[in-house]
Amino acid sequence: MKTHSLTLTTPSDFHFWRTVYSHGWCSLPPFRVDKELASLHRLLELSDGTLVHCVITAPALEKLKISVQSGKPCSSRQQQEIRKQIRSCFRLDEDYAEFFQYVKHYPYYRWIAKLHTGRLLRSPMVFEDIVKMICTTNCSWALTEIMVNNFVESLGKKFNGGMHSFPTPEAIASTSDAFLRKEIHAGYRAPFLLEFSENVASHKIDIEAFRSENLSTDELYKQLRAIKGVGEYAASNLLRLLGHYDRLGLDSWTRGKYYELHHGGRKVSDTTIEKHYASYGKWRGLIFWSEMTKHWIKQKFPF
DNA sequence: GCGTCCAGGTCTACC
DNA sequence: GGTAGACCTGGACGC
């Protein structure tokens with residue numbers, strides 16, 4: 001086993017733990033949080049099929065350290081790819097200065113700029129984000145964890161007796177409806193996940209381009225909704241992971257949290273919630289999510 | 001231990 | 001465009 005140490009420079013407004021705990025992804029494999037060692041683990045599969053185990057820490061301001069374990073020494077090209085994938089997960093190349101400047105105009109939301117919340121952790125590949133998002137629909141978080149764990153354990157590649165990688169589109173496409181129902185516990189989502197993986201594996205759709213192409217929110221939303229199993233909630237939350245923040249993506253949990261924060265627990269319509277955030281324009285989805293999860297910081301995070 | 005009920009988004013058929 | 005019902009699972013609850 002070979003070990004490398006890589007370093008990444010981060011923007012001054014980047015906060016490691018608030019990005020790690022920005023939502024539930026950090027507790028879904030191949031991500032894993034090690035609270036004792038204050039690190040985020042991630043098993044990456046590089047484009048040449050090589051598996052590398054990354055242990056990411058933030059030893060100093062504006063710096064991330066990546067301890068990389070691999071079967072063979074990593075070439076400079078592989079090291080470059082590791083840096084690129086981790087930068088993408090942590091959104092290090094997205095400029096949040098405008099957002100933090102914007103929220104400073106609202107006394108109620110100034111804490112967002114002060115605490116540097118807003119960067120949302122994402123997977124190295126859009127494919128993984130979409131599969132995981134479908135696994136969050138219409139079920140408890142416990143079932144989402146079961147489905148993702150089953151995907152990784154049964155279809156991912158095993159690294160040195162430990163973690164498994166996230167399965168490729170081809171790996172999921174090569175299974176069957178019955179397998180996804182029985183082994184993954186995907187239930188009625190099975191045909192959606194199978195069709196989606198087949199379309200990606202056969203290059204009928206190019207979802208990885210969603211991060212690089214300069215598409216409008218409406219166009220991206222339309223393309224996400226064209227994927228069966230991705231409804232309004234899933235598409236809006238995926239948009240946030242693609243850097244588009246002008247939709248809320250309400251679900252039962254965020255609705256409940258909104259009722260609690262703004263109406264003493266009394267239920268209100270989705271239209272009322274939408275109206276509340278409408279004036280925040282293209283940043284409303286990020287302000288909304290930051291507000292819904294603010295209590296996680298005090299609770300030292302629930303995952 | 002077993003049976004029943006409920007919560008959780010999305011799709012499809014229907015009006 | 002809006003609405004009802006089906007889809008499937010895990011967990012809570014009562015017996």
Side-chain angles (χ1 to χ4, degrees), chain A residues 23-25 27-29 120 122-123 126-155 167 169 172-173 175-200 204-205 207 210 217-242 244-261 263 265-275 277-278 284-285 288-289 292-293 296 302-303:
Chain A
H23 61 129
W25 262 211
S27 70
L28 296 177
L120 304 177
R122 65 184 180 185
S123 308
V126 177
F127 175 73
E128 182 182 327
D129 278 337
I130 296 179
V131 169
K132 283 179 171 172
M133 198 61 77
I134 292 174
C135 290
T136 69
T137 59
N138 200 25
C139 66
S140 62
W141 182 249
L143 181 54
T144 299
E145 290 184 310
I146 289 170
M147 285 188 265
V148 174
N149 271 300
N150 288 339
F151 261 128
V152 167
E153 295 279 325
S154 57
L155 297 172
I172 299 180
T175 65
S176 64
D177 185 281
F179 177 88
L180 295 178
R181 283 175 193 268
K182 195 179 170 204
E183 304 299 328
I184 306 297
H185 293 207
Y188 71 93
R189 301 167 198 79
F192 303 151
L193 290 162
L194 197 56
E195 184 186 307
F196 170 58
S197 301
E198 284 167 354
N199 286 338
V200 176
K204 275 188 190 161
I205 51 172
I207 49 161
F210 288 178
T217 302
D218 287 347
E219 181 54 36
L220 265 177
Y221 182 75
K222 207 170 135 192
Q223 293 202 36
L224 287 166
R225 287 299 306 269
I227 299 166
K228 274 191 191 164
V230 176
E232 214 224 313
Y233 147 83
S236 301
N237 280 284
L238 284 164
L239 278 174
R240 264 197 282 269
L241 298 183
L242 292 165
H244 293 251
Y245 305 109
D246 36 9
R247 299 186 78 94
L248 302 188
L250 298 171
D251 65 358
S252 59
W253 183 79
T254 50
R255 285 188 188 96
K257 184 50 74 178
Y258 178 86
Y259 305 153
E260 180 191 321
L261 292 174
H263 295 272
R266 186 174 56 83
K267 196 176 169 182
V268 295
S269 69
D270 287 359
T271 314
T272 303
I273 305 177
E274 295 283 352
K275 275 184 190 165
Y277 293 97
R284 61 186 180 272
F288 167 72
W289 185 255
M292 294 304 106
T293 57
W296 290 354
F303 305 108

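So that the names make sense, note that chain A is the first sequence line, chain B the second, and so on, each numbered from 1. In what follows, every heavy atom counts, from backbone to side chain, and hydrogens, waters and symmetry copies are set aside.
- Among residues two or more places apart in sequence or in another chain, the side chain to side chain contact (heavy atoms under 4.5 Å, CB included) test is passed with A/Glu153 by A/His164.
- Among the heavy atoms of the strands, none lies under 4.0 Å from A/Ser140.
- For the side chain to side chain contact (heavy atoms under 4.5 Å, CB included) test, residues two or more places apart in sequence or in another chain that qualify with A/Thr293 are A/Trp253, A/Trp289, A/Trp296.
- Within residues 181-188 of chain A, the residues having any heavy atom closer than 4.0 Å to DNA chain B are, in order of number, A/Tyr188.
- Atom CG of A/Asp270 is separated from atom P of C/dT3 by 12 Å (rounded to the nearest Å).
- Once you apply a 4.0 Å limit to the heavy atoms of chain A, the touched nucleotides of DNA chain B run 5' to 3' over B/dG8 to B/dT12.
- Axis angle between the ends of the helix from B/dG1-C/dC15 to B/dC15-C/dG1, five pairs each and rounded to 10 degrees, works out to 30°.
- With sequence neighbours excluded, the residues that form a side chain to side chain contact (heavy atoms under 4.5 Å, CB included) with A/Lys204 are A/Asn199, A/Ser202.
- Taking the side-chain hydrogen bond (donor to acceptor under 3.5 Å, both in side chains) definition, one finds that A/Arg284 meets it with nothing, sequence neighbours left out.
- Look at CG on A/Asp177: it is 9 Å from P on C/dC8, rounded to the nearest Å.
- One can place CD1 of A/Ile134 at 16 Å from P of C/dC8, the figure rounded to the nearest angstrom.
- If you check residues 225-239 of chain A against DNA chain C, you find no residue with a heavy atom closer than 4.0 Å.
- For the side chain to side chain contact (heavy atoms under 4.5 Å, CB included) test, residues two or more places apart in sequence or in another chain that qualify with A/Asp270 are A/Leu250, A/Arg255, A/Ile273.
- Computed from coordinates, the A/Asn149 CG to C/dG10 C1' distance equals 15 Å when rounded to whole Å.
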All N/O donor-acceptor pairs, side-chain side in residues 223-231 of chain A, below 3.5 Å, sequence neighbours left out:
unit_1   : atom_1 : unit_2   : atom_2 : d
A/Gln223 : NE2    : A/Glu219 : OE2    : 3.1
A/Arg225 : NE     : A/Val230 : O      : 3.2
A/Arg225 : NH1    : A/Tyr221 : OH     : 3.0

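- Contacts of A/Ser197 classified as side-chain hydrogen bond (donor to acceptor under 3.5 Å, both in side chains), with partners at least two apart in sequence or in another chain: none.
- Distance check: A/Ile207 CD1 to A/Glu128 CD gives 10.5 Å after rounding to the nearest 0.5 Å.
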Name every donor-acceptor pair, under 3.5 Å, that has one atom in a side chain of residues 178-188 of chain A and the other anywhere in the protein, sequence neighbours excluded.
unit_1   : atom_1 : unit_2   : atom_2 : d
A/Arg181 : NE     : A/Asp177 : OD1    : 2.5
A/Tyr188 : OH     : A/Asn138 : ND2    : 3.2

